[in-house]
Undergrad: 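Before anything else, here's the structure in question.
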Amino acid sequence: MADKKAAGLPRKTYEKELLRQQTELVKLQEWVRASGTRLVVVFEGRDAAGKGGTIKRVAEHLNPRVARIAALPKPTERERTQWYFQRYVEHLPAAGEIVLFDRSWYNRAGVEHVMGFCTKEEHQLFLRQCPIFERMLVEAGVLLRKYWFSVSDTEQQERFRRRLEDPLRRWKLSPMDLESITHWEAYSRAKDEMLVHTDISEAPWYVVESDDKRRARLNMIAHLLSSVPYREVPPPVLELPERPASTGYQRPPRDLQTYVPDHAASL
């Protein structure tokens with residue numbers, strides 16, 4: 001992996017392939033909409049593993065009415081009394097929709113378990129119920145894809161350092177994120193146990209090596225596209241109409257409205 005990262009992926013090569021893939025994602029979206037397919041894509045991994053950046057590139061050119069991102073905050077007091085999967089079920093797609101889970105029900109297998117936010121009994125119950133829950137989704141016709149973004153400890157630390165120094169990305173860091181450094185091995189054990197129980201044939205896990213963000217994005221999107229049997233749906237034929245002749249409308253005087261100052265003129 002280190003050799004790949006050292007070699008790097010030229011930006012022009014990356015951007016050209018990303019644009020091609022995003023064009024295919026639009027075709028995938030239109031097939032999902034037209035066919036009434038329900039597609040769920042789960043993004044999991046350690047903090048700073050590159051999930052958010054990949055989700056951003058996947059959704060960049062998609063219609064938010066068709067493809068939406070589900071990034072749930074911590075559960076409310078009421079949600080804590082519900083069946084664990086209940087709050088996630090509310091965000092599952094209807095026919096013709098795509099949902100990208102920026103973290104998912106697997107919070108219980110990771111951060112909740114490692115940081116003590118759930119009991120051992122709740123954690124074990126999750127590991128027993130999760131495969132059943134996911135089999136139910138697949139049996140109901142949902143296309144479920146699960147990606148684990150794998151980042152090394154040294155690369156994670158470097159990304160944390162860059163975020164601390166960058167005022168535009170400082171918001172991405174929380175005390176909980178930084179605690180993950182001191183709990184590296186605990187998270188590793190939790191991830192290994194999670195995969196043992198939930199890497200099922202109906203909904204397997206796909207691991208994305210993510211020390212190189214560009215490669216990770218392209219590899220993940222390429223796999224998603226190859227795993228869904230979509231086809232290009234011909235778009236409706238549209239024609240730009242002729243603008244009708246004026247019927248005498250006159251715009252009100254500009255001084256009757258308040259305009260945003262022309263800040264660009266001062267640059």
Side-chain angles (χ1 to χ4, degrees), residues 1-15 17-18 21-22 41-61 64 68-76 88 100-118 123 146-195 205-221 263 267:
M1 186 62 193
D3 292 340
K4 289 182 179 180
K5 183 173 171 57
L9 189 66
R11 177 173 290 276
K12 287 186 177 180
T13 301
Y14 162 72
E15 291 178 347
E17 175 59 12
L18 179 62
Q21 290 183 343
Q22 289 176 327
V41 187
V42 169
F43 294 79
E44 289 287 346
R46 296 180 187 271
D47 296 314
K51 303 180 297 297
T54 304
I55 292 171
K56 181 178 179 180
R57 272 68 183 185
V58 169
E60 187 172 5
H61 298 289
R68 68 178 186 275
I69 300 170
L72 277 61
K74 65 180 183 180
T76 64
Y88 295 99
L100 311 173
F101 276 96
D102 186 354
R103 293 197 181 281
S104 64
W105 44 90
Y106 283 99
N107 277 336
R108 177 136 296 179
V111 64
E112 290 189 17
H113 172 54
V114 173
M115 301 306 296
F117 298 152
C118 69
H123 175 241
K146 304 186 305 192
Y147 294 97
W148 176 270
F149 285 71
S150 178
V151 65
S152 66
D153 53 351
T154 54
E155 178 62 21
Q156 184 195 52
Q157 185 115 357
E158 175 60 20
R159 290 178 185 177
F160 282 163
R161 185 193 62 77
R162 291 199 297 267
R163 289 180 180 183
L164 277 171
E165 297 173 353
D166 186 348
L168 296 181
R169 294 190 293 171
R170 179 65 179 78
W171 62 269
K172 292 185 176 183
L173 275 181
S174 69
M176 189 69 65
D177 295 331
L178 298 180
E179 281 195 53
S180 66
I181 296 175
T182 59
H183 292 83
W184 180 269
E185 290 192 1
Y187 273 108
S188 296
R189 295 188 184 97
K191 179 261 296 182
D192 293 343
E193 186 176 10
M194 176 195 79
L195 292 179
W205 276 105
Y206 299 101
V207 178
V208 181
E209 294 283 1
S210 62
D211 271 13
D212 185 321
K213 288 185 177 181
R214 294 177 186 172
R215 289 178 183 271
R217 293 165 185 167
L218 296 183
N219 291 342
M220 179 268 151
I221 298 173
H263 168 75
L267 301 179

Undergrad: So do Val41 and Val58 actually touch side chain to side chain, heavy atoms under 4.5 Å?
TA: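 They are not in side-chain contact.
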
Undergrad: Rounded to the nearest 0.5 Å, what separates atom CZ in Phe149 from atom CG in Asp47?
TA: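 Spacing of CZ (Phe149) from CG (Asp47) equals 14.0 Å.
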
Undergrad: Determine yes or no for a side-chain-to-main-chain donor-acceptor pair under 3.5 angstrom, with Tyr187 supplying the side chain and Ser180 the backbone.
TA: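 Judged by distance alone, no pair lies under 3.5 Å.
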
Undergrad: Check step by step if side-chain contact (heavy atoms from CB on, under 4.5 Å) holds for His183 and Met115.
TA: CA-CA 9 Å; His183 292 83; Met115 301 306 296; 4.2 Å; yes

Undergrad: Flag the pair Leu18 / Ile221 as yes when at least one side-chain heavy-atom distance between them is below 4.5 Å, and no otherwise.
TA: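 Contact flag for Leu18/Ile221 side chains = yes.
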
Undergrad: Within the structure provided, determine whether Glu158 and Thr154 are in side-chain contact (heavy-atom separation under 4.5 Å).
TA: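 Sidechains of Thr154 and Glu158: no contact.
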
Undergrad: What pairs meet the salt bridge (Lys or Arg N to Asp or Glu O under 4.0 Å) rule with one or both residues in residues 173-187, with sequence neighbours excluded?
TA: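 Output for this query lists Glu185-Arg189.
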
Undergrad: Is the shortest side-chain heavy-atom distance between Arg170 and Leu164 below 4.5 Å?
TA: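 SC-SC contact between Arg170 and Leu164 confirmed.
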
Undergrad: Salt bridge between Arg57 and Glu60, side-chain N to carboxylate O under 4.0 Å?
TA: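 Result for this pair is no, no salt bridge flagged.
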
Undergrad: In a check of salt bridge (charged side-chain N to carboxylate O under 4.0 Å, His left out) between Glu155 and each of Lys213, Arg162, Arg46, which one passes?
TA: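 Considering Lys213, Arg162, Arg46, a salt bridge (charged side-chain N to carboxylate O under 4.0 Å, His left out) with Glu155 is found only for Arg162.
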
Undergrad: How about Arg103 and Leu72: do any of their side-chain heavy atoms sit closer than 4.5 Å?
TA: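 A side-chain contact is absent here, since even the closest heavy-atom pair is not under 4.5 Å.
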
Undergrad: Counting distance only, does the side-chain N/O of Glu44 pair as donor-acceptor with the main-chain N or O of Ser104 below 3.5 Å?
TA: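 Checking the backbone N and O of Ser104 against the side chain of Glu44, a donor-acceptor pair under 3.5 Å is found.
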
Undergrad: Can you measure from CG (Asn107) to NE2 (His113) and round to the nearest 0.5 angstrom?
TA: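 If I round to the nearest 0.5 Å, the distance is 13.5 Å.
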
Undergrad: Which residues pass the side-chain contact (heavy atoms from CB on, under 4.5 Å) test with Glu15, not counting sequence neighbours?
TA: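 Once residues adjacent in sequence are excluded, the partners of Glu15 under the side-chain contact (heavy atoms from CB on, under 4.5 Å) criterion are Arg11.
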
Undergrad: So, are Arg159 and Asp211 salt-bridged, with charged N and O less than 4.0 Å apart?
TA: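 A salt bridge is absent here (no side-chain N lies under 4.0 Å from a carboxylate O).
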
Undergrad: Side chain of Arg163, backbone of Leu173: donor and acceptor closer than 3.5 Å?
TA: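 Checked: no pair found.
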
Undergrad: Is it the case that the side chain of Ser210 and the backbone of Ala49 share a donor-acceptor pair, with hydrogens and angles ignored and the cut-off at 3.5 Å?
TA: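 Pair found, side chain donor or acceptor close to backbone of Ala49.
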
Undergrad: I'd like to know if the side chain of Thr54 reaches the main chain of Gly50, judged simply by a donor and an acceptor atom lying under 3.5 Å from each other, with no hydrogens or angles considered.
TA: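 The answer is yes, because a donor-acceptor pair under 3.5 Å joins these two groups.
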
Undergrad: Parallel, tilted or perpendicular, judged at 30° and 60°: which one describes the rings of Trp148 and Trp205?
TA: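 Rings of Trp148 and Trp205: perpendicular, as their planes differ by over 60°.
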
Undergrad: Among Arg108, Glu112, Lys74, which one satisfies side-chain contact (heavy atoms from CB on, under 4.5 Å) with Phe117?
TA: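 That would be Glu112; it is the only one of Arg108, Glu112, Lys74 passing the side-chain contact (heavy atoms from CB on, under 4.5 Å) with Phe117.
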
